[in-house]
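Okay, structure first, notes after.
Order of the sequence lines fixes the chain letters, A, B, ..., with proteins taken first and strands second; residue numbering starts at 1 for each chain. These numbers come from the heavy atoms of this one structure, side chains and all, not from hydrogens, waters or symmetry mates. It should be emphasised that the depicted structure is a prediction, and the values quoted were computed from it without experimental measurement.
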Number of protein chains: 2
Amino acid sequence: MKPDETAKSDCRSDENATKRVPTLYLLPVPLSDVRPDSVMPQCNIDIARSVKYFVVENMRSARRFLKRCDPSIDISSLHMTVLDEHTSSADIPAMLAPMEQGHDIAVVSEAGCPAVADPGSDIVAVAQQRGLNVCPLIGPSSILLSLMGSGFNGQTFAFCGYLPSQADTRTSRLREMQRRIERERQTQIFIETPYRNRRMIDELCRVLPGKMLLCVASDVTGRQQKITTMPLYKWAKADTAYLDRIPAIFLLFS
Amino acid sequence: MKPDETAKSDCRSDENATKRVPTLYLLPVPLSDVRPDSVMPQCNIDIARSVKYFVVENMRSARRFLKRCDPSIDISSLHMTVLDEHTSSADIPAMLAPMEQGHDIAVVSEAGCPAVADPGSDIVAVAQQRGLNVCPLIGPSSILLSLMGSGFNGQTFAFCGYLPSQADTRTSRLREMQRRIERERQTQIFIETPYRNRRMIDELCRVLPGKMLLCVASDVTGRQQKITTMPLYKWAKADTAYLDRIPAIFLLFS
């Protein structure tokens, strides 16, 4: 490939500017308190700078993210609409209206990749129904990074979100995960609210075989990042004070 | 956070240099023929430049990637070991020996993120057993990007790799996917060899309900990237010439 071809193709926002195809960008944000350009390619920052219409999970954190991308961004000139778990699906189609006038929109969640373990998929679904151009951008995903760091099977894996809160259903969900690990060799990934991390480990130790492997990935991409894989019988006795109130992700395999 | 704190923490290679903790980096490579810095943060490139020991899926493509990161890298001075699907697991522990001498190692696959739908998890597993420091780096994953762009459920999803080749097993695997979509609302993701893309779509149209949604994401991050979600009955009649021999990923949901 010739260098000039490369330059043209590498920032997809440029390409769209030439073609004038309005695009729905899915713009990741850092998972931890680090500089945006340390966890995403520079062209994401360029897109964050150029887009005027945002659909955001949280207004305050989105403004903060944009200011960290470029302190000179005039936040007050931007159009921001909130899309969170309280948004009615009836309100979503109107959020895409700026694209009909030829504007790009960027979807920004509170942390990580929009539409993965975070709001955003509803607006993408509507954009897909209308045949609009959707462009996911590269950024930090604790699911993907923890899977890479776990040493577990990456040929097949499942992300299950939060476990059910009700005790019986929760135990049978864990048993189902155990079956899928044993029969399908499928790595099982899930999350828990940070203040319950230790309780979650204790529960896994109680319900599942001691030889089963648990990986706990905490503060992924942050200064205290720790990705540790051990059998449950070792986790039962491990010092996990470092996990107290720290965002973590859990992976099981055998 | 003060600016100087940020600067110190943002490149994790710097942090490790200070602490002198040898690290096993999982270093993603581009999925398509684009500049490395267009699909990953700059600090990945800095790590690619500084590491001397590599464990690579393919020698030629790894050299090519490093040259694109920095044409001045002296490839002949680097230590490279191959870890691919033919590697015996008995040979893996020795690959970590440089870490005992205090060197970092970077694992590099042919395309995308090492250890996810690609080799690499075996060496990570051994590193985890030995309590070595493992650091996954951010980069392009067609699985994650296509999920973001599909509009499908990102609260729970499964990646299933390739479908079984034998016809009966293949059909029952598709039926099982249908059940997991319907009962668990779990997005199902899988891959196929590029020259069979159209055959795969025809098979899905034959086996699954016409109303089921299929997303096909092709040439993800490349110049011809296309992420399209439609019901199967529309895919049945769709012109898919653009998919001929193009790497694609398939996602199902309803």
Heavy-atom contact with chain B under 4.5 Å, split by part of A/Phe159: both
Looking only at A/Asp118, A/Asn153, A/Asp122, A/Val107, the option with the highest number of non-hydrogen pairs under 4.5 Å against chain B is A/Asp118
Would the number of heavy atoms belonging to other residues, nucleotides or ligands and lying under 6.0 Å from CZ of B/Arg64 be above 12? no
Going through the distances and angles, do B/Val134 and A/Ile227 end up as a side-chain contact (heavy atoms from CB on, under 4.5 Å)? CA-CA 7 Å; B/Val134 175; A/Ile227 303 177; 5.6 Å; no
Of the backbone (N, CA, C, O) and the side chain (C-beta and beyond), which part of A/Gln129 lies under 4.5 Å from a heavy atom of chain B, both, or neither? neither
Inspect the contact between A/Arg180 and B/Glu184 and indicate whether a charged nitrogen and a carboxylate oxygen are less than 4.0 angstrom apart. yes
Of all of B/Gly131, B/Cys160, B/Pro119, B/Pro231, which one pairs up most often with chain A through heavy atoms under 4.5 Å apart? B/Cys160
So which of B/Val124, B/Leu26, B/Leu137 actually passes side chain to side chain contact (heavy atoms under 4.5 Å, CB included) with A/Met148? B/Leu26
Option in A/Ala125, A/Gly139, A/Gly149 with maximal non-hydrogen atom pairs under 4.5 Å from chain B: A/Gly149
Heavy-atom pairs under 4.5 Å with chain B, option from A/Pro41, A/Gly161, A/Pro140, A/Gly154 with the top count: A/Pro41
Tell me if a side-chain donor or acceptor on B/Gln128 pairs with a main-chain N or O of A/Gly151 at a distance below 3.5 Å. no
Over 12 foreign heavy atoms within 6.0 Å of NZ, A/Lys67: yes
Below 4.5 Å from any heavy atom of chain A, which atoms of B/Ser32 appear? Answer side chain, backbone, both or neither. neither
What part of A/Ile191 is in contact with chain B, defined as an atom under 4.5 angstrom from a non-hydrogen atom: side chain, backbone, both or neither? neither
Going by residue number, which parts of residues 211-219 of chain A are within reach of chain B, meaning a heavy-atom gap below 4.5 Å? none
Please flag which part of A/Thr187 lies under 4.5 Å from any non-hydrogen atom of chain B: side chain, backbone, both or neither. neither
Nearest heavy atoms of A/Ile138 and B/Leu145, plus distance in Å: CG1-CD1, 3.9 Å
Specify whether A/Phe157 and B/Phe157 have parallel, tilted or perpendicular ring planes, treating 30° as the upper limit for parallel and 60° as the lower limit for perpendicular. perpendicular
Nearest heavy-atom neighbours spanning B/Cys135 and A/Gln225: SG-NE2, 3.8 Å
In terms of heavy-atom pairs under 4.5 Å, which option from A/Ile189, A/Thr156, A/Ile143 contacts chain B the most? A/Thr156
So for B/Gln188, is it side chain, backbone, both, or neither that comes closer than 4.5 Å to the heavy atoms of chain A? neither
